[in-house]
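Just so you know, these numbers come straight off a predicted model, no measurement behind them. Note that ligands are numbered from 1 as they come in the structure, with each ligand's atoms numbered from 1 the same way.
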Amino acid sequence: MSKEISLAEVKKHNKSEDLWVVIEDKVYDLTKFLHEHPGGEDSLISVAGRNGTREFVDVGHSQEAREIMKKFLIGNLAASDIKKPSVGGGK
Ligand code: HEM
């Protein structure tokens, strides 16, 4: 149940029809949640295929939001991709 998923793999799922996001070192498949997100589709699309932790936390999501997100958890970010200094460097 705790599958390890690399950041390189997450990056492949970067569009609205196939949308994965990393939040707090966990990987979520938000494809089916996109149209239901109270914060709109655009905010999720803007972090598609990458680490959206900062954006998620900045919104100050409720406890209810944290309950909902559990349903979309698909794995953990691979240990080798955790604590890298940046997610935006390079390509
Ligand atoms: C699994 C991931 C997520 C879930 C389950 C989720 C769920 C929710 C829920 C339930 C709300 C309503 C307000 C609340 O209960 O806090 C909300 C609002 C919002 N979310 Fe998300 N969200 C997720 C990820 C994100 C991400 C990654 C972003 C930004 C890139 C984002 C941006 C927003 C914004 C801008 C609002 C509107 C806040 C407002 O109206 O003031 N959400 N989200």
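Atom 14 (C) of ligand 1 has as its closest protein heavy atom Ser62 OG, 3.2 Å. For atom 36 (C) of ligand 1, the nearest non-hydrogen atom of the protein is Gly39 CA, 3.3 Å. For atom 26 (C) of ligand 1, the closest non-hydrogen atom on the protein side is Leu44 CD2, 3.6 Å. Taking atom 4 (C) of ligand 1 as the reference point, the nearest protein heavy-atom neighbour is Phe33 CE2, 3.4 Å. In this structure, the protein non-hydrogen atom closest to atom 38 (C) of ligand 1 is Val59 CG1, 3.9 Å.
Of the N or O atoms in His37, one or more lie within a sub-3.5 Å distance of an N or O in ligand 1. For Glu64, no nitrogen or oxygen atom sits less than 3.5 Å from a nitrogen or oxygen atom of ligand 1, counting backbone and side chain alike.
For Met69, heavy-atom contacts with ligand 1 shorter than 4.0 Å involve the backbone as well as the side chain. Neither the backbone nor the side chain of Phe72 comes within contact range of ligand 1; no heavy atom lies under 4.0 Å. Looking at Val21 against ligand 1, nothing comes within 4.0 Å, counting heavy atoms.
Taking every non-hydrogen atom of Ala65 and a distance limit under 4.0 Å, the qualifying atoms of ligand 1 come out as 5 (C), 7 (C), 8 (C), 9 (C), 10 (C). Interface of Phe56 with ligand 1, defined as ligand atoms under 4.0 Å from a residue heavy atom, comprises 3 (C), 23 (C), 24 (C), 25 (C). Close approach to Val47 involves these atoms of ligand 1, each under 4.0 Å from a residue heavy atom: 27 (C), 30 (C). Close contacts of ligand 1 with Pro38, meaning ligand atoms under 4.0 Å from a residue heavy atom, involve 8 (C), 9 (C), 10 (C), 11 (C), 12 (C).
The nearest protein heavy atom to atom 21 (Fe) of ligand 1 is closer than 4.0 Å. For atom 9 (C) of ligand 1, the nearest protein heavy atom is under 4.0 Å away. Within a 4.0 Å radius of atom 30 (C) of ligand 1, the protein contributes at least one heavy atom. For atom 41 (O) of ligand 1, the nearest protein heavy atom lies 4.0 Å away or farther.
The pair Glu24-Arg66 counts as a salt bridge, with a side-chain nitrogen and a carboxylate oxygen less than 4.0 angstrom apart.
When the heavy atoms of Asp58, Asn51, Ile23, Val57 are ranked by distance to atom 2 (C) of ligand 1, first place goes to Ile23.
No donor-acceptor pair under 3.5 Å is formed between the side chain of Asp29 and the backbone N or O of Ile74.
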